[in-house]
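Below: the structure, in structure tokens.
Bear in mind that the values here come from a model prediction, so they are computed numbers and not experimental data. A, B, ... follow the sequence lines: proteins, then strands. Residue 1 opens every chain.
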Amino acid sequence: MNEAELRQARTAAAEALAAGLAQAVPSARTTVRPDGELEVRVAPEDLLPAARYLSQAAPHPLNYLSCVTGVDWPDRGVIEVVYTLHSMPDPTAKVSLRTECSRDLGEPEGSSRPSVPSLVSVWPTAEFHEREVFDLFGIGFEGHPDLRRILLDESFVGHPLRKDFVDQRPPHRRVTREDYRP
Amino acid sequence: MHSIPERSPLRLVVPGVFMGSVQKLFNWGRKNSLWYMTFGLACCAIEMMAAGAARWDLDRFGSFFRASPRQSDFMFISGTVNEKMASRVKLLYDQMAEPKWILAMGACACTGGPFAAGYNVVPGVDKIIPVDVYVPGCPPRPEALLDGLLRLQKLVAEEGLRKVPRTAAQRAADNAAQRAADNVARRAADNAAPRAADSAVPPDADTGAAGVPRSDFSADGGVHA
């Protein structure tokens, strides 16, 4: 199979998958990219049904969640959460499942937390991935069993992958033998 | 006649009699048995392992990996120190016995390197613990590390008998001694004061039931005991 044929096969499979998804979750908006990757956009309330459908889709269930990440859109006031899905039976399949939620942390900051449903019940691996998004973007995941920071220290202030993040650490000063205190 | 190494701090005075200072003798021993901690932070650690292994062989200089901070003389900080790791690095440093030295290996340990502006990066390990030798490079080659080790040896050879900072155990012992002295002083004061105050204390005060702390130096000389 040459490259063009492979692209054609992937596109056909993605279109079939999109048609199936449209039946299960009518509100989902789907796009097939030129390289045959399927892009699915859903509202947060439709995230779980869409994820369940994709994880069990015939003939090639998307049973491998390889990445969860976020995209900050300050001008639109939203953070997009992106789930990258693969299929063990069909290594050429790739789906990008996307949803959006507010980026507003309330006033004072941190008093409220926007959230999307957790997908741990669909793909158990989402547990660590969602903790990472929580850590770096400050997005909550409803139903997550253990939502706390994973990469940064518990004492860290802010969510550094937000575009308006400002490093508020005090300036570092060189320590010498004389002024070192254990 | 016996010969002694050219760089020895000892001087042959007459056959069989050597002279030298204790300080120089100690430093001579220390600089030729600098054991470093088995501790790597990032990619620099790979280069450190190469320097320690057969081809460059830090063993030639009496330097070995030592798997405990308690038995290490110095530590290569080999890689980026981030804010989460900083407290652990500091803890390891505090656990090492004096005298101890730190060699910052590579751009990250020296200044934060390419990650200096990162939100979670300590820009140079010398912001949390004192550093004695800096070896720049990304990563430094083992030859550069050997040069750093030799410079560290030079530092150690010139080390004075410096005052060692008090350890937590020493502080605890000092505090205990201070408390004992306070108790003795209080007992002396109680003996000098009228005994009327004693009758106000219920007999079971010693059990702590009345909220009076038990003291080994009680004014009545341990009658309750």
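Distance CD1/B/Ile102 to CZ/A/Arg177: 8.5 Å, rounded to 0.5 Å. Taken to the nearest 0.5 Å, the CD1 atom of B/Ile129 stands 13.0 Å off from the OG1 atom of A/Thr176. Separating the CG atom in A/Leu151 from the CG atom in B/Asn120 is a distance of 8.5 Å, to the nearest 0.5 Å. Rounding to the nearest 0.5 Å gives a distance of 10.0 Å between CG of A/Leu152 and CD of B/Glu83.
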With a cut-off of 3.5 Å and sequence neighbours excluded, list every side-chain donor-acceptor pair involving residues 42-49 of chain A.
| from | atom 1 | to | atom 2 | distance (Å) |
| --- | --- | --- | --- | --- |
| A/Asp46 | OD2 | A/Ser27 | OG | 2.3 |

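No more than 12 heavy atoms of other residues, nucleotides or ligands shown are found within 6.0 angstrom of CD on A/Glu3. A/Arg98 CZ: more than 12 foreign heavy atoms inside a 6.0 Å radius. Within 6.0 Å of CH2 on B/Trp35 lie no more than 12 heavy atoms contributed by other residues, nucleotides or ligands. Sparse packing is recorded around CD of A/Gln23, with 12 or fewer heavy atoms of other residues, nucleotides or ligands lying under 6.0 Å away. Heavy atoms of other residues, nucleotides or ligands lying less than 6.0 angstrom from CZ of B/Phe64 number more than 12. No more than 12 heavy-atom neighbours from other residues, nucleotides or ligands sit within 6.0 angstrom of NZ on B/Lys24.
By number of non-hydrogen pairs under 4.5 angstrom with chain A, the leading residue of B/Asp132, B/Val125, B/Val122 is B/Asp132.
Evaluation of the salt bridge (Lys or Arg N to Asp or Glu O under 4.0 Å) test over residues 46-73 of chain B, restricted to residues two or more places apart or in two chains, returns none.
Side-chain contact check for B/Tyr119 versus A/His159: every heavy-atom pair is 4.5 Å or farther apart. For the pair A/His172/B/Ile128, no side-chain contact is recorded, criterion being any heavy-atom separation below 4.5 Å from C-beta on.
Heavy-atom minimum distance, A/Ile150 versus B/Lys84: O-NZ, 3.4 Å. Here the shortest heavy-atom pairing between A/Arg169 and B/Val121 reads NH1-O, 3.0 Å.
Neither the backbone nor the side chain of B/Asn82 comes within contact range of chain A, judged by heavy atoms closer than 4.5 Å. Heavy-atom distances place both the backbone and the side chain of A/Arg174 under 4.5 Å from chain B. Looking at B/Val131, the atoms closer than 4.5 Å to chain A (heavy atoms on both sides) all sit in the backbone: N, CA, C or O.
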